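Since the structure is predicted, the reported quantities are computational estimates derived from the model, not experimental observations. Positions are given from 1 along the sequence. Indexing begins at 1, ligand by ligand and atom by atom, following the structure's order.
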Amino acid sequence: MPKKQPAPPIPKELPPCDGPKLNLFEHHDCEIEWIERIGWEEGMGTPNEGYVFRVKINQVEYALKVFKFHNPIESQWSWGTRIGNVPLHTVTYYRDPFYNECRAYGRIREPLKGKRKLSDVAIPCHGFLFLSDRDQQYLEDNGYDLWSSIIDNSFQEKTIEGFRIRAIVKDLASSEPGITGDNLGKVFNRIVAMNQHRIVNCDIRLDNFRDGKIVDFGSSFTSPHIIMDSLKPSDADFHQAWDRMLFDEMVVDEQIPNPKRVLALHPMTLRPRFVGGQPVKY
Ligand SMILES: Nc1ncnc2c1ncn2[C@@H]1O[C@H](COP(=O)(O)OP(=O)(O)O)[C@@H](O)[C@H]1O
Ligand SMILES: [Mg+2]
């Protein structure tokens, strides 16, 4: 662990830039009881973004997603030519999986102004927290690698979090994705509502659903967004359709029964898919 500087106060909301923000979790300073790691099986390897745990805080069980730090230089290929002279720390607020989740959940938790409701889109989120030294030590002692090799210490120490590990508190869902032939239309409508609220999840797949709702916004783009909003119109249309394309692919790849023939995009728009070596008819 890098040498400690006195930690600045914990912000009340994040990220400190334009657009939606996520609140600090109400019980952020309560003790965390670590129960087990979830969403993981033997042989999956070390995750890039972080770990999810079943925890108990203030007598209530939650899912706690603990994030590794992000080095914006690693994703420069995706933003380098688009955003001009934006400081690297600001780039992080739009590319780091932790901040992607803060922004998306910030939007989901915003009061709605007459638009379709968003509460059913995602497993509810309660806010972010920074791990205490004790919890950080506990995870390190139990073999969780929180210091990804891409981290740049001189960059990281000047961030708003410094070297404090960030985590997001969510309702604990079941272990089932919960997408069936019966609720496929409903799940699709939720994705459309999410896109109408200018969140593009960019990672629609079965593993990122629990109980028919999205649990993972680590790859999402939520407008206003310095990269998404700088796309030229044809690229922006393509980007906006991304979730619907992934939805159709998920239905095919996971062989989800589709008795009502829910289809998000016109078949001509979709990439060719093969199941059991045979081309799929959408
Ligand atoms: N709130 C939750 N309730 C139950 N299981 C969850 C929850 N959040 C995540 N998981 C499980 O943990 C896995 C990894 O979480 P996810 O947020 O998708 O992280 P990653 O960025 O590593 O893909 C999910 O695929 C799911 O199985
Ligand atoms: Mg995931």
I want to know if ligand 1 touches [X] in the polar sense, i.e. an N/O pair below 3.5 angstrom.
{"X": "Ile123", "value": "no"}
{"X": "Arg205", "value": "no"}
{"X": "Asn208", "value": "yes"}

Mutual orientation of the aromatic rings belonging to [X] and [Y] [parallel < 30°, tilted 30-60°, perpendicular > 60°]:
{"X": "Phe98", "Y": "Phe67", "result": "perpendicular"}
{"X": "His89", "Y": "Phe155", "result": "parallel"}
{"X": "Phe128", "Y": "Phe130", "result": "tilted"}

What is the closest protein heavy atom to [atom], and at what distance does it sit?
{"atom": "atom 14 (C) of ligand 1", "result": "Val52 CG2, 3.8 Å"}
{"atom": "atom 22 (O) of ligand 1", "result": "Gly50 O, 4.5 Å"}
{"atom": "atom 27 (O) of ligand 1", "result": "Arg210 NH2, 2.5 Å"}
{"atom": "atom 17 (O) of ligand 1", "result": "Lys65 NZ, 2.9 Å"}
{"atom": "atom 5 (N) of ligand 1", "result": "Ile38 CD1, 3.7 Å"}
{"atom": "atom 1 (N) of ligand 1", "result": "Asp171 O, 2.8 Å"}
{"atom": "atom 3 (N) of ligand 1", "result": "Ala173 N, 2.9 Å"}
{"atom": "atom 13 (C) of ligand 1", "result": "Gly39 CA, 3.7 Å"}

Under a plain distance cut-off of 3.5 Å, with no hydrogens placed, do [Y] and [X] share a side-chain donor-acceptor pair?
{"X": "His70", "Y": "Asp96", "result": "no"}
{"X": "Asp211", "Y": "Ser174", "result": "yes"}
{"X": "Ser223", "Y": "Asp229", "result": "yes"}

Under 3.5 Å: donor-acceptor pair, side chain of Asn183, backbone of Ile179: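 It does not hold such a pair.
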Side-chain (Asn23) to main-chain (Glu13) donor-acceptor, under 3.5 angstrom: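 Answer holds: no.
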Sub-2.8 Å protein N, O or S atoms surrounding the Mg ion (ligand 2):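 Under 2.8 Å from the Mg ion (ligand 2) - ignoring waters, which are not counted - the protein N, O or S atoms are Asn208 OD1, Asp216 OD2.
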Per atom 18 (O) of ligand 1, closest listed option by heavy atom (Asp216, Ile214, Asp211, Asn100):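 Among Asp216, Ile214, Asp211, Asn100, the closest heavy atom to atom 18 (O) of ligand 1 belongs to Asp216.
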Any side-chain heavy-atom pair from [X] and [Y] closer than 4.5 angstrom?
{"X": "Asp203", "Y": "Leu246", "answer": "no"}
{"X": "Glu26", "Y": "His126", "answer": "no"}
{"X": "Asp216", "Y": "Lys65", "answer": "yes"}

Ala63 contact mode with ligand 1 (heavy-atom cut-off under 4.0 Å):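 Side chain only.
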Heavy-atom closest pair, residues Pro15 and Pro20: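 Minimum heavy-atom contact is CD-O, 3.9 Å.
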Is_contact(atom 25 (O) of ligand 1), protein non-hydrogen, under 4.0 Å: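 Under 4.0 Å from atom 25 (O) of ligand 1, at least one protein heavy atom found.
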Closer than 4.0 Å to some heavy atom of [X] - which atoms of ligand 1 meet that?
{"X": "Val215", "result": "1 (N), 2 (C), 7 (C), 8 (N), 17 (O)"}
{"X": "Asp207", "result": "24 (C), 25 (O)"}
{"X": "Glu49", "result": "21 (O)"}

Salt bridge (charged side-chain N to carboxylate O under 4.0 Å, His left out) partner of Glu101, the single match among Arg109, Arg166, Lys170, Lys21: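 Answer after filtering Arg109, Arg166, Lys170, Lys21: Lys170.
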Arg95 bridged to Glu74 by N-O distance under 4.0 Å: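 Salt bridge: no.
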